[in-house]
Undergrad: 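Would you mind keeping the following structure in view while I ask a few things?
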2 protein chains.
Amino acid sequence: MPKRADLSDTLCPVGRSAELLGDRAVLLILRELLFGRRRFELIAANTGLGPQLVSARLKMLVAEGIVERRAYSERPLRHDYWLTDKGKALFDVLYAMRNWSERWAYEPGETGDGPAIRYVHRTCGADVGTAKICPGCGAELGYGDLKGEPSPALKAEQVARTA
Amino acid sequence: MPKRADLSDTLCPVGRSAELLGDRAVLLILRELLFGRRRFELIAANTGLGPQLVSARLKMLVAEGIVERRAYSERPLRHDYWLTDKGKALFDVLYAMRNWSERWAYEPGETGDGPAIRYVHRTCGADVGTAKICPGCGAELGYGDLKGEPSPALKAEQVARTA
DNA sequence: CTTGTCACTATGATTATCATAGTTACTATC
DNA sequence: GATAGTAACTATGATAATCATAGTGACAAG
């Protein structure tokens with residue numbers, strides 16, 4: 001690869017976010033952070049990415065103001081990673097990706113009989129399916145509004161990765 | 001790069017679409033297709049990607065059932081590229097990316113005084129801003145529902161790229 | 001004082017990407 | 001009828017990002 005072309009100065013909004021999100025490692029790390037997994041080793045294990053890549057991407061995300069690095073222990077000194085408001089706002093993008101996958105990316109029956117992850121609206125309890133607005137109460141769905149329940153098969157996969 | 005790790009068999013819906021969308025070239029090509037630019041040379045020029053990359057990604061997108069290759073002329077034989085329903089459904093993801101960018105990815109005043117692209121709901125005429133549901137009529141917004149008007153600055157950039 | 005934990009850094013092989021140039025199959029112009 | 005143009009690609013070589021594996025530093029626990 002030559003130095004990859006830089007699109008961060010394009011005025012096109014899709015091009016600008018493509019520079020950030022058009023990267024498997026970034027998307028997977030954001031998934032972990034949105035799921036509330038904040039520790040380096042957990043992120044590395046769940047994504048299957050090497051520590052060097054995780055380190056490089058987290059540094060970049062901190063520099064972009066999407067992630068914040070915090071000390072959660074002084075002795076020994078240990079850090080973890082938190083999404084900023086700018087980072088939390090990326091929930092909408094990942095949720096759209098999830099919705100597309102649930103509809104288009106699985107063979108029939110591949111996830112059992114339900115979706116790979118069942119999402120429930122915290123405030124009203126409705127199963128949101130793959131909707132953009134809550135079918136129970138009509139509210140828009142954003143960061144923190146949903147509670148996800150992975151299917152048994154997906155849960156087994158996640159356990160296998162961290163073991 | 002070693003062979004990139006394959007996530008296409010993960011059961012996680014974000015992981016599965018990350019395999020597809022976690023790629024700058026794919027996102028940029030999808031942007032062009034969603035904007036109705038279907039010809040190879042136009043896509044290459046507007047994205048700034050080399051023809052080899054465009055060719056490889058379009059082949060992959062055809063194999064994934066996201067894009068369809070059609071002959072638009074017999075003599076000389078010429079082809080262009082159309083989104084399938086599976087491809088059109090990716091509008092939601094790119095629209096979420098656009099919304100995030102409009103809110104978080106620009107310095108104040110960088111796009112003039114409005115957004116980089118102003119979107120209007122075709123059926124009711126309302127300016128949708130960065131909403132997920134139309135603020136005019138309350139309808140959900142999907143592929144084909146919006147008419148985009150790039151800001152003068154963005155338009156100038158697009159003209160410069162194709163010249 | 002050895003083993004374990006966590007957040008990383010270092011090294012080398014592999015390969016995707018970019019820039020540039022060339023190819024094929026026609027049509028249009030001089 | 002030879003040259004130039006157009007559209008959709010393919011070929012080639014240099015570069016650098018990625019992966020696998022191993023190692024480091026600072027501390028805690030047994």
Side-chain angles (χ1 to χ4, degrees), chain A residues 1-8 10 15 18-29 32-33 37-63 67-82 161-163, chain B residues 1-8 10 15 18-29 32-33 37-63 67-82 161-163:
Chain A
M1 284 190 206
K3 191 181 347 192
R4 64 194 250 186
D6 190 12
L7 281 96
S8 51
T10 184
E19 188 69 16
L20 176 74
L21 299 172
D23 182 299
R24 263 178 67 251
V26 167
L27 291 176
L28 295 175
I29 290 170
E32 296 306 313
L33 293 171
R37 297 178 191 123
R38 292 183 257 276
R39 297 222 321 271
F40 188 97
E41 292 288 310
L42 253 185
I43 294 169
N46 278 306
T47 57
L49 301 168
Q52 188 160 122
L53 234 199
V54 175
S55 172
R57 288 303 183 275
L58 283 172
K59 263 187 192 120
M60 186 269 261
L61 290 169
V62 168
V67 167
E68 202 188 326
R69 187 171 182 259
R70 292 189 196 168
Y72 68 89
S73 152
E74 290 299 335
R75 1 204 55 246
L77 187 54
R78 294 281 155 80
H79 296 278
D80 58 2
Y81 296 89
W82 296 72
R161 258 201 303 253
T162 45
Chain B
M1 287 187 199
K3 187 173 6 187
R4 64 194 249 185
D6 191 12
L7 281 98
S8 52
T10 184
E19 188 67 17
L20 175 74
L21 300 173
D23 182 298
R24 263 177 67 250
V26 167
L27 290 176
L28 295 175
I29 290 170
E32 296 306 314
L33 294 170
R37 298 179 190 123
R38 292 182 257 276
R39 298 222 321 272
F40 189 97
E41 293 288 311
L42 251 186
I43 294 169
N46 278 306
T47 57
L49 301 169
Q52 188 161 122
L53 234 198
V54 175
S55 171
R57 288 303 183 276
L58 283 172
K59 263 188 192 121
M60 186 271 260
L61 291 169
V62 168
V67 166
E68 203 188 327
R69 186 171 182 260
R70 291 189 198 168
Y72 69 89
S73 152
E74 291 298 336
R75 1 202 58 243
L77 186 55
R78 295 280 154 82
H79 297 278
D80 58 3
Y81 297 89
W82 295 72
R161 259 201 302 253
T162 45

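Proteins come first, then strands; the chains are lettered A, B, ... in the order of their sequence lines, and each starts at number 1. Quick caveat, the model's predicted, so the values are computed rather than measured.
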Undergrad: Examine D/dA8: is either OP1 or OP2 under 4.0 Å from a nitrogen or oxygen in the side chain of B/Arg38? Give yes or no.
TA: no
Undergrad: I want to check something: taking the side chain as every heavy atom from C-beta on, are B/Arg38 and B/Trp82 in contact at a cut-off of under 4.5 Å?
TA: yes
Undergrad: Check the distance between C/dC6's P and A/Leu58's CG and give it to me in whole angstrom.
TA: 17 Å
Undergrad: Which nucleotide in the list D/dT18, C/dC8, D/dC9 gets nearest to the side chain of A/Asp23?
TA: D/dT18
Undergrad: Where the side chain of A/Arg39 is concerned, which of D/dA7, C/dC6, C/dC18 is the nearest nucleotide?
TA: C/dC6
Undergrad: Take atom CZ of B/Phe40 and atom P of C/dA25, then tell me their distance rounded to the nearest Å.
TA: 17 Å
Undergrad: Grab the CG-C1' distance between A/Leu53 and C/dA7 for me, whole Å please.
TA: 16 Å
Undergrad: Of the listed nucleotides (C/dC8, D/dA8, C/dC26), which one gets closest to any side-chain atom of B/Pro76?
TA: C/dC26
Undergrad: Measure from the side-chain N and O atoms of A/Arg161 to the backbone N and O of A/Asn46, and report whether any donor-acceptor pair falls under 3.5 Å.
TA: yes
Undergrad: For A/Ala25 and A/Glu74, find the nucleotide of DNA chain D closest to each by heavy atoms; which residue's nucleotide sits nearer the 5' end?
TA: A/Ala25
Undergrad: Select base, sugar-phosphate, or nothing to describe what B/Arg75 touches, counting heavy atoms under 4.0 Å on all strands.
TA: sugar-phosphate
Undergrad: What residues, two or more places apart in sequence or in another chain, satisfy salt bridge (Lys or Arg N to Asp or Glu O under 4.0 Å) together with B/Arg37?
TA: B/Glu32
Undergrad: The side chain of A/Tyr81 lies closest to which of these nucleotides: D/dT10, C/dC8, D/dC19?
TA: C/dC8
Undergrad: Can you tell which of D/dA28, C/dC18, D/dA8 lies closest to the side chain of B/Glu41?
TA: D/dA8
Undergrad: Hey, does B/Leu58 have a side-chain heavy atom less than 4.5 Å from the side chain of B/Phe40?
TA: yes
Undergrad: Could you work out which one of C/dT5, C/dT9, D/dA7 sits closest to the side chain of A/Arg78?
TA: C/dT5
Undergrad: Which nucleotide in the list C/dA7, D/dC9, D/dA8 gets nearest to the side chain of B/Ser55?
TA: D/dC9
Undergrad: Output the rounded distance in Å from CG (A/Leu77) to C1' (D/dG25).
TA: 11 Å
Undergrad: When you check the phosphate oxygens OP1 and OP2 of C/dA7, does a side-chain N or O of A/Tyr72 lie under 4.0 Å from one of them?
TA: yes
Undergrad: Tell me: CE of B/Met60 to P of D/dC9, nearest whole Å?
TA: 16 Å
Undergrad: In terms of side-chain heavy atoms of A/Gln52, which of C/dC8, D/dC19, C/dC18 is nearest?
TA: D/dC19
Undergrad: Rounded to whole angstroms, how far apart are CG on A/Asp80 and P on C/dC6?
TA: 13 Å
Undergrad: Measure the distance from NZ on B/Lys59 to C1' on D/dA8 and round it to the nearest whole Å.
TA: 11 Å
Undergrad: Can a side chain N or O of A/Arg70 be found less than 4.0 Å away from OP1 or OP2 on C/dA7?
TA: no
Undergrad: Is it true that A/Arg69 and A/Asp80 have a side-chain N and a carboxylate O under 4.0 angstrom from each other?
TA: no
